[in-house]
Trainee: 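Below you will find the structure I want to go over with you.
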Amino acid sequence: MEVTLLLEATENAFRIMEKARAHALGVLDTAVQFTGEQTRFMEEKRWQVLFAGAQRRKTRFQNFVGTALILFAFWMLLSGHFDPFHLTLGAICCIITAYLFHDLLFANVRVGDMRVVALRFLCYIPWLIQQIVLSNLHVASVVLRRKMPINPQIITFKTKLETDISSITLANSITLTPGTITMDIRDGVYYVHALDQKVADDLNAGEMEDRVAHIFMEADHLYVEDVLDAARIYDALRV
Amino acid sequence: MIRDSQDVIVKTLSRLLVPFMVIYALYVIMHGHHSPGGGFQGGVILAAGFVLLVVSHGLEQTRKRLSEKAAGVLSSIGVFIYAGIGALCLILGGNYLDYGKLSKLLPVVPAEARSLGILGVEIGVALAVMAVMFTIFLVIFTVGEFQEDDRSEK
Amino acid sequence: MNDFFLILSVGMCVLVLFCLYRGTFGPGVLNRAAGISAIGTKTLIILLLMGVIYDRIDMFIDISIAYALLNFIGTVVLAKYIETTGEA
Amino acid sequence: MILPLDFILILFVFICAVAAITIKDLLSAVVILGAYSFLMCLLWTEMAAIDVAFTEASVSASIGTVLMIGCVAKTKRRSKD
């Protein structure tokens, strides 16, 4: 009697231990599974970070190469000596300068097609020179008269230009034409000092702004998207 | 006056101008024996480029490129290059800054060695002048500003 | 030909005289700064004319570039001083 | 040496020097001193001393003016006399 009880008890104990072992195995399995998922997630994240870093490094490298090439062209323009010694010196200087200032020349670049922009800018310069000569004659005739019929005023207008390069192109064009001076650009509003009414009317007609917007392709919506790196330039140059 | 400028025109124009200014200064330094200019003038123009960067983009942007500590080290390195070339000529058996003797080290004729020695001396002078001018500018313009930085360092 | 360029540079010197009047007698710093920066551009042109007279234009180009850059820096620093302190 | 240009430039330099000394406002004195160094540089160039002119232009016209403006900004602007 007692022997059978003892046997049953031991059997029960073994069964319980078996169950506990199975449970523990299950827990261990899920734990291993979780940690595996976790590590895979971490791995993916690390790869993503690496990839983004590589992307940023690639952009920086492209900026570096572009800056160095432009500066080397400027160096050859200045130097005039084309023997290997001076060319090597120029290359070293350009690399040092591009390493120091690689993020200055290509900040805030929004480019559609670089060649079209350059061509339109070249076509804009003769028109600007013609405007300068015309308004120069006008201002001289106004100032040299005995009564001097000037009417100085400050006019403000809101611009539709978006990038800083086009804004300063417009501002410098306004300053280059005699009689008008750009005083400030604040939040897209131009404050321009004009000498008399005719010059101010010419400016308010907005032909110059339309032409500048046409140069940088801000009027005809040809630009692709917001680009903060120089990658598009290389694409445009390669085609 | 060290703070960042908010003006679009000055900021963009100086952003476009500073790299060309620095490369022009380096051209003046490197072509000192062909055209007017040399180490001193080129160093001053180099310092003027950094001054323009400080005035338009603020001190923080400039510190990434040339910090005060680096300026101090560069001034010492410039003097070291200058005096080192002179002392090297002295060791090689000539007078102080007698560049012709450098042809014993370099595989060139003495006339070419003289040209190379002058180039090295000009680089040293330019580094020293640039670093010292930049440091003087920062010392004058940062008096009474950035007290919190000093406190955090202590 | 040299006489022509000499007369041109003397004419530019007369223009410098007007700017110098505005620079020395002009009321306030702003008038003076405008006059002085105009003097800077005019001296640059006189410099290049002198280079043509001396027949060494390649040497004078370098110094004229330095002139233009440094004139710009001086004017920018002066303008920033007036902007930060607020007194003209 | 071109004599007529020489006399004109010396006259300008003289005017600038006298104005820079006699003026009361220190910032204006600094600005006129900038014009003085520009004209002085022109005088050196006219005497065919190009290297001296380069040094004058780079040191006195840019860094000198900038440092003097900094000194005026950190001290009093009006002189008392």
Trainee: For a quick check under 3.5 Å, do D/Ser58 and B/Gln41 share a side-chain donor-acceptor pair by atom type?
Mentor: no

Trainee: Within a reach of under 6.0 Å around CD of B/Glu68, are more than 12 heavy atoms found that belong to other residues, nucleotides or ligands?
Mentor: yes

Trainee: Count the heavy atoms belonging to other residues, nucleotides or ligands that lie under 6.0 Å from CZ of D/Phe7, then report whether that count exceeds 12.
Mentor: no

Trainee: Within the 4.5 Å heavy-atom criterion, are B/Phe40 and D/Asp51 side-chain neighbours or not?
Mentor: no

Trainee: Measure distances from B/Val28 to the heavy atoms of chain D and classify the residue's part below 4.5 Å as side chain, backbone, both or neither.
Mentor: side chain

Trainee: Would you call D/Val66 and B/Phe141 a side-chain contact if the rule is heavy atoms closer than 4.5 Å?
Mentor: yes

Trainee: For a quick test of reading the model, state the closest non-hydrogen atom pair linking B/Val143 to D/Lys74 and the distance between them.
Mentor: O-NZ, 3.4 Å

Trainee: Measure distances from B/Val51 to the heavy atoms of chain D and classify the residue's part below 4.5 Å as side chain, backbone, both or neither.
Mentor: side chain

Trainee: Can you tell me how far apart CD1 (D/Ile69) and CD1 (B/Ile140) are? Round to the nearest 0.5 Å.
Mentor: 11.5 Å

Trainee: Counting only heavy atoms from other residues, nucleotides and ligands, does the tally under 6.0 Å from OH of D/Tyr36 exceed 12?
Mentor: no

